[in-house]
Amino acid sequence: MAWLGLRVILKEWLGPVGASRFTEEDLRLLWDGGYETLEDLEAASYSGLRDAKLKPARADQIIHAQGAPTGTTGAGATVVLKDTTATYLKACLPAFDAHQLWGSAAQLRLLLAETITPGLPLLAPAAARLFQQHAELEGPLVSTAASAAAASAEDLSSHVRNVVLGMKPCVGSEMYTAKTTSVVVEDTLRLIAGHLPDLMHIHMDRNTTDASEATIKSLRPDFLCWVNGALVLKGEEKAQSRQLEAAIKELTTKMSSAWAAGLVPDKRPPCMLAFAAAGTLLQFFCIQPPESDGDRVQATPISAALDLTTALGRLRALTASCNIWRLLAGYASQAPTVPLESGHVTRSPDGLRTYCLLPGFVRKSIASFATEQAPFASFEVLQDVYSKMSKPEHRRNIIQVYNIEGHAGPQLLNDVYTVHLAPVGVPCQGAPTDLRILAGAVSGVLRGLAALHSEGTLPQLHTWHMERSFVLVAMPACVLAWADVRRAVTGFVHRDVRWPNVIFLPAERRWLLIDLEHAGLHDCDCSGAPYPLQHWSQRTLDAGGKYTFRSDLRMVAEQLLCGGVTLDEGGRDLRRQLLSGQLTAAAALEHEWLVGSGLE
């Protein structure tokens, strides 16, 4: 382990603190790369250190030490104890005015090109070489040799060097384009967010696709960035520079509003920032939200098409990315919190269920349907229940399927179940604390249950086995005894009535019952596996392990009318009657505690 001798050399050269940042693996990589003496390290180049597979931060540390004045890095010198990138970023990236994202495209263009002051730090040796070739870059960039503040902002100077000098854009596929824009835009935002985490709630994602997610791929941008739940930045990427216009066109066809209509009442969405990237070209845009559904979406340029093969083009793109942060920071200071993020894919812990808010609807999918969901509700039952709930009399009372690409209703392909659902609402996290609001929510749920329960049918089967041990052969309903009619009538039951399966529509101030994927038929036998469901109680089922209309109403009483709020006498009376099975869903809506609570 001869490489461990490098530790002594680094302590003398960088000081104890600087040397401590090098792990034994770093020392081994240096030794294997031919860096065995102080002279080797002093003559090292950045590319040579990267070829030796040394981490960029450690390579930058060595290059920085090469440019430092004599005596400033050794054991007896003043040693920088910590990276001051956060302090430097606060100084050079103050937030723009909070209302700029509601401003004009012309103003946004000026802000995106605004010079960063003080300039972005660049390691001294690299800065000296660059300024000799491009004197106009000195100012927007600051050599670490000329500024103590710049010299100690190690993470930032390393990133600036990587973007301006270290990046060599590859061409030939969308993956290569995405890699380039990731370095310039995404990595810049992530670096700033990592050092200034308290300024905003920001997160980013990239689009992916598989056989079950073609709809998401066609409607979801390639790059997405949310601030406080609003989609405020997106990007489209193409493989070749000649495809820039195609990327720009997609900016107008995929998600043009920061949030879904109705989620933030009485607040106009800001414009959305965007970029189109194609090959080695990158251009920034703003997308104003359409005033009405029929308005055409327009992407207005707020930068030139930047050539990322040049240092000047990359610096301008880096400057624009930093100024985008300033715009987002200003917006975040007064932005509303959007409860649902457009385009964000939410996955269940096991990864089998996904939910994505797309323009006008939510896409829900369940993988491994045959084993995960079919034991509870067959695909045919789900087709039937969604079809029956789409009748005009039910459309305002329960979640609806959304017609997309000429198809409305659940689909099953390659054992992946998908359904598109509307309207878009906010999932409830628990019982409202206000009794009138609680009553309104319960009324909304009961309307949904009344719709499900009302869709009874009297099967006209060639053979229908009744409880009385005789067989009917297409017997008219009118000759059946009432007891037999009661047994023959079927209707749908929800079977999973709880707050997470209720949504609130903020603009309309009403509630809807959702998630019909555990629906079944009234009086179904749930006495054995795979039942019970997780949230059933010992009194959910009727005699014989049957799940009935009354079971749904008991879930209303146990899941919605307990916990979180103390009921008054009227609420307690409704709960008692629901638990005892005295009321139907329709009759419960007439209870005095609920009358007048809804918006119908």
Q: Does CG belonging to D350 count more than 12 external heavy atoms closer than 6.0 Å?
A: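 Atom CG in D350 is packed in, count exceeds 12.
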
Q: I'd like to know whether M389 forms a side chain to side chain contact (heavy atoms under 4.5 Å, CB included) with Q400, so could you lay out the CA-CA distance, the side-chain angles of the two residues, the decisive distance to 0.1 Å, and finally the verdict.
A: CA-CA 7 Å; M389 291 302 100; Q400 297 290 299; 4.2 Å; yes

Q: Look at atom OH of Y355 and say whether more than 12 heavy atoms of other residues, nucleotides or ligands are closer to it than 6.0 Å.
A: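 Buried by this count: over 12 neighbours within 6.0 Å.
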
Q: Of all the heavy-atom pairs spanning P427 and L340, show the shortest one and how long it is.
A: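 Nearest heavy atoms, P427 then L340: CD-CD2, 3.9 Å.
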
Q: Can any side-chain N or O of D222 pair as donor or acceptor with the backbone N or O of E237 at less than 3.5 Å?
A: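 Flag set: sc D222 to bb E237 pair under 3.5 Å.
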
Q: Checking D60 against N162 for the side chain to side chain contact (heavy atoms under 4.5 Å, CB included) test, could you report, in this order, the C-alpha distance in whole Å, the side-chain angles of both residues, the deciding distance, and whether it holds?
A: CA-CA 10 Å; D60 285 339; N162 189 36; over 6 Å; no

Q: Q240 versus V171: any side-chain heavy-atom pair under 4.5 Å?
A: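 In short, these two side chains touch, coming nearer than 4.5 Å.
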
Q: Quick one: does any side-chain atom of N323 pair with a main-chain N or O of E114 as donor and acceptor, under 3.5 Å?
A: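 Flag set: sc N323 to bb E114 pair under 3.5 Å.
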
Q: Over 60° means perpendicular and under 30° means parallel, so tell me whether F361 and Y402 are parallel, tilted or perpendicular.
A: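 The rings of F361 and Y402 lie parallel, inter-plane angle below 30°.
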
Q: T319 side chain to A113 main-chain N or O, any donor-acceptor pair under 3.5 Å?
A: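 Absent.
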
Q: Should R129 and Q132 be marked as a side chain to side chain donor-acceptor pair (under 3.5 Å) after you check the CA-CA gap, both sets of side-chain angles, and the distance that decides it?
A: CA-CA 5 Å; R129 292 190 296 270; Q132 285 179 353; over 6 Å; no

Q: Hey, what do you get for CD (Q100) to CG (L112), rounding to the nearest 0.5 Å?
A: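 Result: 11.5 Å between the selected atoms.
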
Q: Given side chain to side chain contact (heavy atoms under 4.5 Å, CB included), test F285 with M272 step by step and report yes or no.
A: CA-CA 8 Å; F285 295 81; M272 185 186 297; over 6 Å; no

Q: With respect to V419, which candidate in R363, E517, Q411 satisfies the side-chain contact (heavy atoms from CB on, under 4.5 Å) definition?
A: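 That would be E517.
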
Q: Taking N207 for the side chain and R220 for the main chain, is one N or O donor matched with an acceptor at less than 3.5 Å?
A: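 Looks like yes, one N/O pair under 3.5 Å.
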
Q: Is a donor on one side and an acceptor on the other found under 3.5 Å between the side chain of S256 and the backbone of T252?
A: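 Side chain of S256 to backbone of T252, a donor-acceptor pair under 3.5 Å: no, none is there.
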
Q: Quick one, L306 and V184 - any side-chain contact, counting heavy atoms below 4.5 Å?
A: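 Side-chain contact under 4.5 Å: no.
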
Q: What distance do F275 atom CZ and L282 atom CG have between them, rounded to the nearest 0.5 Å?
A: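 Between F275 CZ and L282 CG, I get 7.0 Å after rounding to 0.5 Å.
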
Q: Taking I503 as the fixed residue, which of I399, L421, V426 is the one that meets the side-chain contact (heavy atoms from CB on, under 4.5 Å) rule?
A: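 Per the side-chain contact (heavy atoms from CB on, under 4.5 Å) rule, the option paired with I503 is I399, out of I399, L421, V426.
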
Q: Between Q288 and A105, which heavy-atom pair has the shortest distance, and what is it?
A: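 Distance-wise, the nearest heavy atoms are NE2-N, 4.5 Å.
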
Q: For the residue pair W226 and H344, categorise the inter-ring angle as parallel (less than 30°), tilted (30 to 60°) or perpendicular (more than 60°).
A: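 The rings of W226 and H344 stand perpendicular, inter-plane angle above 60°.
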
Q: Is any side-chain heavy atom of R109 closer than 4.5 Å to one of P301?
A: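 P301 vs R109: side chains touch.
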
Q: I need the Q298 CD to C286 SG distance, nearest 0.5 Å.
A: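 The SG atom of C286 is 10.0 Å from CD of Q298, to the nearest 0.5 Å.
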
Q: Say you draw a straight line from CG of L108 to CG of L101; how long is it, rounded to the nearest 0.5 Å?
A: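 Spacing of CG (L108) from CG (L101) equals 6.5 Å.
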
Q: List the atom of A258, the atom of P270, and the distance in Å for their closest heavy-atom pair.
A: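 Scanning both residues completely, I find the closest heavy atoms to be CB-CD, 4.0 Å.
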
Q: Can you establish whether the number of heavy atoms outside R242 located under 6.0 Å from its atom CZ is more than 12?
A: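 Not more than 12 within 6.0 Å, no.
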
Q: Which atoms form the tightest heavy-atom contact between I437 and P432, and what is the distance?
A: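 Reported closest heavy-atom pair: CG2-CB, 3.5 Å.
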
Q: Does the side chain of N228 come within less than 4.5 Å of V338's, by heavy atoms?
A: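 Not in contact.
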
Q: Look at the side chain of Q61 and the backbone N and O of G18, then say whether any donor-acceptor pair between them is shorter than 3.5 Å.
A: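 Yes, the answer is positive, given that a donor and an acceptor are paired below the 3.5 Å cut-off.
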
Q: Is R21 salt-bridged to D26, cutoff N-O under 4.0 Å?
A: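 Salt bridge flag = no for D26 with R21.
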
Q: Could you check whether S182 and R206, counting side-chain N and O atoms only, form a donor-acceptor pair closer than 3.5 Å?
A: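 Judged by distance alone, the side chains do pair up.
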
Q: Exactly one of L156, T84, L199, D155 should register a side-chain contact (heavy atoms from CB on, under 4.5 Å) with L89. Which one does?
A: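 With L89 as partner, side-chain contact (heavy atoms from CB on, under 4.5 Å) holds for just one option, L156.
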
Q: Passes side chain to side chain contact (heavy atoms under 4.5 Å, CB included), T180 versus T280? Steps please.
A: CA-CA 8 Å; T180 299; T280 60; over 6 Å; no

Q: Which atoms form the tightest heavy-atom contact between R326 and I116, and what is the distance?
A: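 For R326 and I116, the tightest heavy-atom pair comes out as NH1-CD1, 4.3 Å.
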
Q: Please confirm whether the backbone N or O of A153 pairs with a side-chain atom of S157, one donor and one acceptor, at under 3.5 Å?
A: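 Present.
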
Q: W259 versus P336: any side-chain heavy-atom pair under 4.5 Å?
A: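 Contact flag for W259/P336 side chains = yes.
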
Q: Please round to the nearest 0.5 Å and tell me the distance separating atom NZ of K55 and atom CG of L49.
A: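 The CG atom of L49 is 12.5 Å from NZ of K55, to the nearest 0.5 Å.
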
Q: Keeping T177 on the side-chain end and A277 on the backbone end, is there a donor-acceptor pair under 3.5 Å?
A: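 Not at all, since once roles are kept as given, no pair shorter than 3.5 Å links the two residues.
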
Q: Look at the side chain of S152 and the backbone N and O of A149, then say whether any donor-acceptor pair between them is shorter than 3.5 Å.
A: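 Here the side-chain-to-backbone pair exists.
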
Q: If you measure from NZ on K254 to NZ on K249, what distance do you get to the nearest 0.5 Å?
A: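 The NZ atom of K254 sits 12.0 Å away from the NZ atom of K249.
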
Q: Hey, does L111 have a side-chain heavy atom less than 4.5 Å from the side chain of I302?
A: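 Side-chain contact under 4.5 Å: no.
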
Q: Sub-3.5 Å donor-acceptor pair from the side chain of S257 to the main-chain atoms of A260, do we have one?
A: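 The answer is no, because no donor-acceptor pair under 3.5 Å joins these two groups.
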
Q: Are E250 and K234 close enough that some pair of their side-chain heavy atoms sits under 4.5 Å apart?
A: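 Answer no - side chains too far apart.
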
Q: Knowing that exactly one of V183, L308, L120, D187 qualifies, which makes a side-chain contact (heavy atoms from CB on, under 4.5 Å) with V163?
A: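 When V183, L308, L120, D187 are each tested with V163, the side-chain contact (heavy atoms from CB on, under 4.5 Å) holds only for V183.
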
Q: Using ring pair (Phe, Tyr, Trp, His ring centres under 6.0 Å) as the criterion, point out the one residue from W325, W102, F96 that pairs with Y331.
A: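 Output: one option passes, namely W102.
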
Q: Do you know the tightest heavy-atom contact between A332 and M200?
A: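 What the structure gives for the nearest pair is CB-CB, 3.5 Å.
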
Q: Measure the acute angle between the ring planes of Y417 and F369, then classify it against the limits of 30° and 60° as parallel, tilted or perpendicular.
A: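 Geometry flag for F369 against Y417: parallel rings.
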
Q: Heavy atoms, side chains only, cut-off 4.5 Å: are T300 and C271 in contact?
A: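 Answer no - side chains too far apart.
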
